Chemist: 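Dumping the structure here so I can ask a few things about it.
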Number of protein chains: 2
Amino acid sequence: MAKLDFGPIADTTRRAEIVALLRRAILTGQLEPGQKLNELRISEQMRVSRAPLREAMRELVQEGILTSIPYAGTFVIDVTAKDIADAYSLNKVLDDFAIELTWPQRDQRFFDELDRRHEAVKQATRALDTTRQIETALQLHGLIYEWADNSVLLETWQRLTSRLQMYFALHQRARNEPVPTEDLHETYVALLKGADMRAAQRHAREHIDDDFEELLAYARGLEKRVAKGAD
Amino acid sequence: MAKLDFGPIADTTRRAEIVALLRRAILTGQLEPGQKLNELRISEQMRVSRAPLREAMRELVQEGILTSIPYAGTFVIDVTAKDIADAYSLNKVLDDFAIELTWPQRDQRFFDELDRRHEAVKQATRALDTTRQIETALQLHGLIYEWADNSVLLETWQRLTSRLQMYFALHQRARNEPVPTEDLHETYVALLKGADMRAAQRHAREHIDDDFEELLAYARGLEKRVAKGAD
DNA sequence: CCTTGTTAGATTGTCGACAATCTGCTTGTC
DNA sequence: GACAAGCAGATTGTCGACAATCTAACAAGG
């Protein structure tokens with residue numbers, strides 16, 4: 001018998017779907033930082049009772065993209081320049097580690113997947129789909145974490161990713177520019193295929209620097225931003 | 001007027017208390033890995049309805065010490081040798097980073113706090129309080145993370161800590177020995193007070209190795225362990 | 001004018017009941 | 001005896017209603 005492995009069955013709970021909906025709304029910037037999430041209103045919009053909604057919100061609070069104050073409400077996290085800088089510096093350290101772990105495990109399947117994800121980024125770029133471009137770029141970047149075969153590291157990266165995606169989406173929204181059309185990932189992919197691990201790590205660090213520089217400048221700009229209630 | 005800053009007010013929701021109770025039960029090993037958490041039974045024991053209990057469980061699932069299967073139940077995570085090894089190797093990387101960030105910020109308050117926590121470990125050791133010894137040792141270890149002034153790093157560490165505490169508690173329980181009476185942290189504390197950062201980092205790595213070696217051997221032993229349902 | 005106490009409205013936290021789903025056993029058939 | 005279908009019990013997921021708490025507006029008093 002062929003050794004085909006089935007993926008996990010779909011989560012058939014309302015809770016899971018709510019989590020996905022809310023997460024997407026937050027990560028794409030449809031829900032702004034600091035904004036309050038009114039349970040009654042959202043539950044009515046989604047045609048769902050408050051119970052699964054509240055459970056979903058609990059999950060997102062632990063995921064780090066919502067924050068909750070008892071009897072006051074649940075809010076989208078505020079984004080400060082320091083948060084971004086913190087995430088950024090940790091990301092550098094984790095990238096280094098992920099590349100180190102992945103390096104000896106690279107094989108043809110890894111290279112194929114690398115190309116596939118790279119292609120997805122290029123496609124989103126051509127289509128001028130900003131949101132998707134951010135998504136695919138992070139997925140490309142995430143491959144080294146999936147390949148590193150360290151479950152704790154992967155989890156950590158996924159938590160970090162949520163915020164990174166949010167930060168980038170906010171940035172793009174603010175700039176309101178279409179999208180960079182050049183390909184920033186060519187060298188990254190090439191180095192991951194090559195033989196010099198140190199070079200790949202070095203490039204990853206610098207690559208991250210490029211991505212974050214603008215982001216930080218932007219974040220410092222809205223540092224004085226005031227959290228605004230919902231409605 | 002004196003500039004005294006008030007700490008945050010106590011969480012007065014049942015949910016928060018339930019989270020604390022459950023976490024403690026899991027981290028001290030009172031709830032065994034793989035064990036199922038029956039909502040009705042627990043809610044009756046705690047004299048609480050299922051709503052806040054379920055929300056609490058959602059939080060702990062995201063915290064990584066519970067796992068949930070829709071319509072099947074919520075379980076304490078299984079502990080495999082690989083999980084421990086993964087957490088351990090990541091911990092080494094994070095320690096390195098935390099020490100690097102903390103290093104230039106060390107001051108008298110840091111040293112005082114370091115001594116305070118070290119003292120707490122020694123006291124728990126003298127009292128032969130195993131659980132508390134693990135707790136205080138992790139708190140001592142956590143100081144470099146609190147001092148690093150990187151919120152994302154701190155969060156990551158706290159997530160990791162939950163599991164580490166669980167692993168160590170399980171180990172201690174299995175060995176059923178009182179506790180090592182010697183002081184393993186003397187050198188660690190001394191190096192953090194010293195002038196050689198590299199030496200401190202190197203020692204941290206080796207220090208972790210010592211702690212984990214036993215733990216790994218133990219975990220490999222029960223690798224064949226079968227998840228057992230509740231009741 | 002500022003402060004303090006009160007009150008109404010809105011929102012979050014919690015509860016008990018019902019619906020959907022799973023599990024194990026029984027039954028019937030071959 | 002093996003195996004599928006179906007049923008009963010238990011457990012999780014969801015709902016609507018009620019209780020606890022917060023917020024903001026307003027009144028009373030200094």
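These figures come from a predicted structure and were not determined experimentally. To find a chain, count down the sequence lines: A is the first, B the second, and so on, and within it residues start at 1.
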Chemist: Listed by chain and number, what are the salt bridge (charged side-chain N to carboxylate O under 4.0 Å, His left out) partners of B/Glu113, not counting sequence neighbours?
Modeler: B/Arg116, B/Arg117

Chemist: Scan nucleotides 12-17 of chain C nucleotide by nucleotide, 5' to 3', and note B when protein non-hydrogen atoms come under 4.0 Å of the base, S if they reach only the sugar-phosphate, - if neither.
Modeler: BBBB-B

Chemist: Which heavy atom of A/Ala87 sits nearest a heavy atom of B/Val152, and at what distance?
Modeler: N-CG2, 3.8 Å

Chemist: Closest approach of A/Val61 and A/Thr74, non-hydrogen atoms and distance?
Modeler: CG2-CG2, 4.1 Å

Chemist: Hey, could you give me the OG/CD1 distance between B/Ser89 and B/Ile84, rounded to the nearest 0.5 Å?
Modeler: 12.0 Å

Chemist: Taking only residues two or more places apart in sequence, or in another chain, which ones meet B/Ile42 in a side chain to side chain contact (heavy atoms under 4.5 Å, CB included)?
Modeler: B/Leu37, B/Met46, B/Leu53

Chemist: Does A/Asp96 have any salt bridge (charged side-chain N to carboxylate O under 4.0 Å, His left out) partners at least two apart in sequence or in another chain, and if so, which?
Modeler: A/Arg205

Chemist: Can you name the atoms? Protein N/O to nucleotides 6-9 of chain D N/O, anything below 3.5 Å, with the distance.
Modeler:
none

Chemist: My understanding is that only residues two or more places apart in sequence, or in another chain, count here; which of them pass ring pair (Phe, Tyr, Trp, His ring centres under 6.0 Å) with A/Trp147?
Modeler: A/Phe110

